[in-house]
Engineer: 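Could you have a look at this structure, given as structure tokens, before my questions?
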Amino acid sequence: WRGRLKATKTFKKEDGLAWRKDKYKAIKTLAKKELLLSDQQLKNYISDSFGTTSLTDLTDEELERLYKHFIAKKSKVNRPE
């Protein structure tokens with residue numbers, strides 16, 4: 001329920017800072033726990049994809065794109081063969 005609420009455009013518009021913090025946390029969690037990326041590997045990926053090494057430098061659209069990309073990768077990693 002809370003996750004669906006935070007995914008709405010209204011939440012993003014009303015509390016952009018909280019939305020960004022949630023995305024940072026989700027991306028870092030996905031990277032470390034699901035995709036087994038180190039901090040350096042995550043920074044390298046962000047650098048290669050977006051030209052910066054910090055999540056805080058990404059636009060809202062780039063953060064959303066990175067989050068969705070990691071969710072898709074997680075699904076492929078966790079999908080039974």
Side-chain angles (χ1 to χ4, degrees):
W1 177 86
R2 188 170 187 224
R4 286 183 300 204
L5 173 66
K6 288 182 176 186
T8 65
K9 290 182 181 180
T10 306
F11 179 78
K12 182 178 167 184
K13 191 184 260 186
E14 290 177 1
D15 198 349
L17 184 58
W19 180 86
R20 288 185 69 84
K21 286 182 178 181
D22 282 346
K23 288 298 177 191
Y24 299 153
K25 183 178 178 181
I27 289 167
K28 288 180 179 181
T29 299
L30 283 166
K32 286 184 179 183
K33 294 188 178 180
E34 300 292 337
L35 304 175
L36 306 177
L37 297 177
S38 68
D39 288 337
Q40 189 59 49
Q41 288 172 312
L42 176 60
K43 286 180 182 182
N44 291 344
Y45 182 83
I46 294 169
S47 177
D48 292 346
S49 300
F50 302 102
T52 184
T53 57
S54 175
L55 288 172
T56 59
D57 292 337
L58 299 179
T59 65
D60 289 350
E61 292 77 21
E62 290 170 333
L63 266 179
E64 186 67 25
R65 194 169 73 212
L66 180 60
Y67 173 75
K68 287 181 178 179
H69 176 72
F70 280 3
I71 288 290
K73 284 186 86 165
K74 174 190 168 202
S75 296
K76 289 180 183 176
V77 169
N78 292 334
R79 185 178 304 147
E81 299 283 327

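All residue numbers in this chain count up from 1 along the given sequence.
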Engineer: Using every non-hydrogen atom in the two residues, find where T56 and R20 come nearest and quote the distance to one decimal.
Structural biologist: O-NH2, 3.4 Å
Engineer: Could you go step by step and tell me if L55 and K28 meet the side chain to side chain contact (heavy atoms under 4.5 Å, CB included) rule?
Structural biologist: CA-CA 9 Å; L55 288 172; K28 288 180 179 181; 3.7 Å; yes
Engineer: Minimum heavy-atom separation for K32 and D39, please, with both atom names.
Structural biologist: CE-OD1, 2.8 Å
Engineer: Grab the two heavy atoms, one from E62 and one from T59, that are nearest each other, plus how far apart they are.
Structural biologist: OE1-N, 2.9 Å
Engineer: Considering all heavy atoms of both residues, which atom of Y24 and which atom of L63 are nearest to each other, and what is their separation?
Structural biologist: CE2-CD1, 3.7 Å
Engineer: Any side-chain donor paired with an acceptor under 3.5 Å for S54 and T52?
Structural biologist: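 Distance-only check fails for S54 and T52.
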Engineer: Give the minimum heavy-atom separation between L30 and K74, together with the two atoms involved.
Structural biologist: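 Heavy-atom minimum between the residues: CD2-CD, 3.6 Å.
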Engineer: Got a second to check how far L42's CG is from L35's CG, nearest 0.5 Å?
Structural biologist: 9.5 Å
Engineer: To the nearest 0.5 Å, tell me how far K43 NZ sits from L37 CG.
Structural biologist: 13.5 Å
Engineer: Hey, could you give me the OG1/CG distance between T53 and D48, rounded to the nearest 0.5 Å?
Structural biologist: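 Atom-to-atom, T53:OG1 and D48:CG are 11.0 Å apart.
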Engineer: Does anything in residues 28-76 pair up under ring pair (Phe, Tyr, Trp, His ring centres under 6.0 Å), and if so which pairs, sequence neighbours excluded?
Structural biologist: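 Only Y45-H69, Y45-F70 qualify under ring pair (Phe, Tyr, Trp, His ring centres under 6.0 Å).
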Engineer: To the nearest 0.5 Å, how far apart are OG in S38 and CG in N44?
Structural biologist: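 Here the rounded value is 7.5 Å.
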